[in-house]
Amino acid sequence: MKTLVWLGAGGCGGCSMSLLTAESPDCLTALAQAGIELVWHPSLSALSGTELLATLDAMEAGRQPLDILCIEGALLTAFAGQCQTLGGGEPLVARVARLARVAQCVVAVGGCAAFGGVGAADDAGIGGRGLQFDGDQPGGVLGAGFIARGGLPVVNIAGCPTHPGWVLDTLALLAAHALPASGLDSLQRPRFYADRLVHHGCPRNEFYEFKATAHALGQQGCLIEHLGCRGTQAHADCNIRPWHGGSSCLKGGFSCIDCTAPDFAAPHRQPLTTPKLAGLPTILPSDMPKAWFVALSALSKSATPARLRHNAQSDRLDIAPTPPTGKRR
Amino acid sequence: MSRKILGPFNRVEGDLAVNLTLDGERVSSAQVTSPMYRGFERALVGRPLADALVVVPRICGICSVSQSVAAVRLIQALTGVSPAANGERVMNIVHACENLADHLTHFYLFFAPDLAHADYAGQPWHADWAARLGSGGPAARQWLAARATLLRMVGLLAGRWPHTLALQPGGVTRTVDAVERLRLLGWLAEVRQFVETVLLGVPIEQMLALQQPDDLDALRAGAGDAGRWLRAADALDFARLGRAGDRFLAFAAYHNQGNAPWPAGLWADGRAQPLDLSLLSEDVSHSWYEAAPPRHPAAGDTLPNPHKHGAYSWNKAPRLAGLPAETGALARQLLAGQPCLTALVRQHGGSVLTRLLARQIEAAWLVQAIQCWLAALELSEPFIQPPTHTPLTDGMAAGLTEAARGALGHWASVEGGRISRYQIIAPTSWNFSPRDAHGQPGPLEIALEGVANQDVRIQHVVRSFDPCMVCTVH
Ligand code: SF4
Ligand code: SF4
């Protein structure tokens with residue numbers, strides 16, 4: 001069995017609450033299946049606060065093994081750490097730094113623990129930092145050079161909140177020593193989900209192909225041109241591995257805001273609005289030359305089927321594809 | 001006199017410590033500390049108003065939809081946009097699913113495990129609880145499955161949970177078709193089955209028909225966890241545990257074309273009274289904020305000062321007409337006139353028993369309400385109003401609603417399209433408030449006075465309010 005301690009830092013608890021929505025299997029079954037023993041989780045544990053502190057002391061002193069340390073929420077460093085303490089007035093940040101040194105693996109669960117989150121993006125005044133990043137800059141409270149005992153830097157399960165599958169799969173891979181350093185991308189996110197784009201498998205892909213565009217929320221078309229969809233840049237598999245068995249932001253009718261990126265909630269991001277330069281969206285696929293994008297868009301727009309042009313600006317799929325009739329040529 | 005600190009608490013949302021002064025075997029006074037501060041109110045200042053819909057759900061990962069609903073209502077009030085009728089219905093369904101999921105989470109994850117505590121070993125009702133809730137017991141997987149089904153419904157309607165952007169001024173971003181409604185009704189039927197057979201042990205209609213305290217006998221005799229819990233509650237005298245001043249406050253919720261099934265109001269001196277929102281204030285005399293006179297949230301500020309002498313919490317002290325008030329499902333039920341709870345509160349005041357029972361009655365109500373809203377969807381009508389393109393007017397507005405734990409309010413001012421002030425009073429801000437300038441303790445502080453010095457009993461009182469600390473300190 002691998003031991004896991006999960007501590008809540010300055011976050012909303014949403015990653016834990018999201019974890020509990022896992023289905024087939026549920027999260028308790030998945031953790032058991034992965035051979036993980038939950039020594040402590042703020043929502044799931046029966047151990048009292050004093051018992052927790054004693055356990056953490058024992059782990060720091062090497063009397064008890066700590067295989068996986070999960071931190072949820074930003075590390076709050078303002079006021080010399082006094083805006084979050086854990087037992088006896090000690091800043092939580094100090095405890096986390098000591099535990100990280102004895103843990104085999106250190107995992108940042110969610111955008112807050114990974115990059116600092118909403119609190120770092122703003123003048124919230126809480127000094128929100130990530131474990132090993134401040135926004136997109138390496139550093140964080142553990143420092144850019146930190147490597148956990150098991151050989152990996154902090155594993156950043158980015159997302160706000162995290163999909164339960166991202167967390168459970170990462171933990172299972174770590175428990176099985178099956179996540180090599182090459183399995184992390186440049187922001188230390190697990191590549192099994194971060195090498196995908198939200199755009200992959202989006203139900204609006206056909207609209208995208210023909211640049212058939214939604215002009216307002218509630219409409220069926222592609223959301224990139226007017227409603228700020230960042231799905232072609234967002235590193236996540238939301239439309240391949242759906243949420244709650246069958247959903248995603250796009251299926252829910254609103255744009256991806258790229259919640260796995262370090263600065264997704266920064267004020268300049270302007271959710272659901274497409275930033276434009278000379279009339280052209282600046283959130284185009286990053287690995288495609290702009291000129292080609294413009295040329296291909298013009299071409300595909302000229303070929304947009306009437307069905308897609310209509311449906312794109314409707315709140316329902318009014319016009320069905322025409323069934324093939326007569327002889328095929 | 002001796003002192004002790006209880007905390008850090010597990011199985012609450014966020015961070016909490018309780019500082020107790022003991023007089024022999026009893027608590028003589030309590031100070032409730034919210035030891036974490038996150039600065040959301042300040043983070044919102046200077047942003048375009050539309051950003052609020054991305055930022056505010058992230059205040060809380062357990063009542064994220066409630067936060068969105070408050071912000072949507074605020075923006076609607078400010079812009080004059082009125083929601084499509086279907087949009088309101090779907091918003092209600094999504095909100096109700098979250099609140100029902102919260103009731104399950106509260107009961108099974110946060111409250112009930114204390115009844116399986118070893119301190120109670122040997123009591124006649126204990127083995128039953130230990131078998132259901134102990135590690136490997138069947139309860140965890142049952143309620144997790146029901147909760148996941150509720151959030152699958154939220155997923156279909158709102159993309160994902162928590163932190164959706166589907167709830168917008170004017171309605172929701174997702175149009176529901178006939179087949180999807182069937183699917184939602186099917187999932188709801190599964191939830192209903194859980195609520196009736198596992199949670200309550202009686203049909204929903206029977207739960208909603210509870211008239212007087214004696215009617216609870218049917219529930220007690222039932223095979224559900226509600227009966228199991230009532231038998232323990234009787235043995236532990238929960239009807240007299242955790243009384244907190246008996247002033248109850250609620251905002252209206254689940255708006256539907258100008259009506260709301262849950263009225264706003266104040267319940268005090270044994271009866272419902274109108275709520276005068278102009279009498280709201282937040283006091284910071286014992287909070288780690290720069291000294292200031294009590295202010296209405298529309299004029300309030302959040303200026304942290306962790307070194308302030310005499311302060312002991314990051315929570316402010318919300319007051320109505322200068323007095324503390326308790327909020328939550330019990331407040332909603334009293335204001336809606338639920339007769340059995342009214343009788344119980346008139347007898348012994350608010351208590352661990354009535355707080356928990358109110359949530360179970362509400363669980364039954366929510367299942368029925370979701371079913372009605374689903375049936376009422378007019379599938380060929382719009383789910384969101386087309387955008388109006390009227391320029392955003394500057395001004396001040398409030399967005400009020402009810403989270404599972406009680407009254408939630410957002411107040412904001414906008415200048416030049418940007419937020420110039422954003423103040424939030426969350427339910428737990430009320431319930432877990434510190435003292436005010438007059439030294440008046442908050443509801444939980446009152447409720448802990450006189451409780452026997454036994455950790456598990458103190459925890460029952462604390463958890464009966466279902467603290468959500470991340471909301472409290474936002
Ligand atoms: S809506 Fe977004 S994710 Fe979907 S096709 Fe358009 S750009 Fe891609
Ligand atoms: S679609 Fe985008 S915003 Fe939505 S969960 Fe996925 S990455 Fe986050």
Side-chain angles (χ1 to χ4, degrees), chain A residues 8 10-18 20-23 26-29 42-49 52 76 79 82-87 118-119 122-126 160-161 216-218 243-255 257 259 265 267 270-273 315-316, chain B residues 7-11 13-15 35-40 42-43 46-48 50-51 53-55 58-62 64 109 113 140-141 144-145 147-148 151-152 154-166 168 171-175 177 304 306 314 382-384 386-387 455 470:
Chain A
C12 71
C15 291
S16 284
M17 288 298 126
S18 175
L20 296 179
T21 67
E23 293 183 87
D26 65 69
C27 74
L28 300 176
T29 306
S43 303
L44 296 166
S45 294
L47 280 187
S48 77
L52 164 69
L76 307 182
F79 314 123
Q82 283 304 307
C83 57
Q84 194 179 20
T85 59
L86 182 73
V118 180
D122 278 290
D123 184 26
I126 53 172
C160 183
L217 289 169
W243 290 72
H244 314 293
S247 311
S248 70
C249 295
L250 285 307
K251 289 177 190 164
F254 54 93
S255 305
I257 59 171
C259 76
Q270 303 256 338
L272 312 189
T273 316
D315 59 354
R316 291 164 174 83
Chain B
F9 264 74
N10 59 335
R11 289 182 289 110
E13 256 310 270
D15 296 21
M36 179 187 44
Y37 167 71
R38 289 197 303 143
F40 268 69
R42 292 174 63 85
R47 284 171 171 263
D51 271 27
L53 292 176
V54 169
V55 175
R58 293 177 163 83
I59 289 170
C60 184
I62 200 163
S64 147
L109 189 61
R141 282 182 172 78
L144 273 176
R147 178 181 179 276
L151 296 169
R152 204 189 310 137
V154 173
L156 193 155
L157 294 166
R160 65 162 182 173
W161 181 92
H163 308 341
T164 172
L165 280 169
Q168 292 285 329
V172 293
T173 56
R174 178 73 156 74
T175 303
D177 68 27
W314 286 105
F383 283 68
I384 189 166
D455 288 4
V470 293

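Bear in mind the structure is a predicted one, so any value in this text is a computation, not a measurement.
Atom CG in Leu151(B) sits 6.5 Å away from atom NE2 in His244(A) (nearest 0.5 Å). A distance of 7.5 Å separates CZ of Phe40(B) from CD1 of Ile126(A), quoted to the nearest 0.5 Å. Distance OG1/Thr21(A) to CZ/Arg160(B): 11.0 Å, rounded to 0.5 Å. One distance of note links CG of Leu272(A) with CG of Leu53(B); it measures 8.0 Å at 0.5 Å rounding.
Between chain B and the options Gly218(A), Gly245(A), Ser18(A), heavy-atom pairs under 4.5 Å are most frequent for Gly218(A). In terms of non-hydrogen atom pairs under 4.5 Å with chain A, the most contact-rich of Val54(B), Ile384(B), Leu156(B), Leu109(B) is Leu109(B). Contacts with chain A were tallied for Leu157(B), Thr164(B), Asp177(B), Val172(B); Thr164(B) has the most, counting heavy-atom pairs under 4.5 Å. Contacts with chain B were tallied for Ala216(A), Gly11(A), Gly8(A), Ala22(A); Gly11(A) has the most, counting heavy-atom pairs under 4.5 Å. Looking only at heavy-atom pairs under 4.5 Å with chain B, the residue among Cys249(A), Pro161(A), Pro271(A), Cys27(A) that has the most is Pro161(A).
Looking at Ile257(A), only its side chain comes within 4.5 Å of chain B, counting heavy atoms on both sides. Contact of Arg147(B) with chain A is made through the side chain alone, with heavy-atom distances under 4.5 Å. Using a 4.5 Å cut-off between heavy atoms, Ile59(B) touches chain A through its backbone atoms (N, CA, C, O) alone. For a residue to count as touching a neighbouring chain, one of its non-hydrogen atoms must lie under 4.5 Å from one of that chain's; by this rule Pro113(B) does not touch chain A. If you measure heavy-atom distances from Ala166(B) to chain A, the contacts under 4.5 Å come from both the backbone and the side chain. Heavy-atom distances place the side chain of Trp314(B), and not its backbone, under 4.5 Å from chain A.
Among all heavy-atom pairs drawn from Thr175(B) and Asp315(A), the shortest one is OG1-O, 3.2 Å. For the residue pair Glu23(A) and Arg152(B), the shortest heavy atom distance occurs at OE1-NH2, 2.5 Å. Leu76(A) and Tyr37(B) get closest at one heavy-atom pair: CD1-O, 3.4 Å. Counting all heavy atoms, side chain and backbone alike, Leu20(A) lies closest to Leu144(B) at O-CD2, 3.6 Å. Asp51(B) and Gln270(A) make their closest contact through OD1-CA, 4.3 Å (heavy atoms, listed as atom of the first residue, atom of the second, distance). Between Gly159(B) and Ser247(A), the shortest heavy-atom distance links the atoms O-CB, 2.8 Å.
For Arg141(B) and Thr29(A), the side-chain atoms include at least one donor-acceptor pair closer than 3.5 Å.
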Can Cys259(A) and His163(B) be said to form a side-chain contact (heavy atoms from CB on, under 4.5 Å), step by step? CA-CA 10 Å; Cys259(A) 76; His163(B) 308 341; over 6 Å; no
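A donor-acceptor pair is defined here as one N or O able to donate and one able to accept, closer than 3.5 Å; such a pair exists between the side chain of Arg58(B) and the backbone of Cys160(A). Judged purely by atom type and a 3.5 angstrom limit, Arg38(B) has no side-chain atom pairing as donor or acceptor with the backbone of Gly10(A). A donor-acceptor distance shorter than 3.5 angstrom exists from the side chain of Thr173(B) to the backbone of Gly252(A), with no hydrogens or angles considered.
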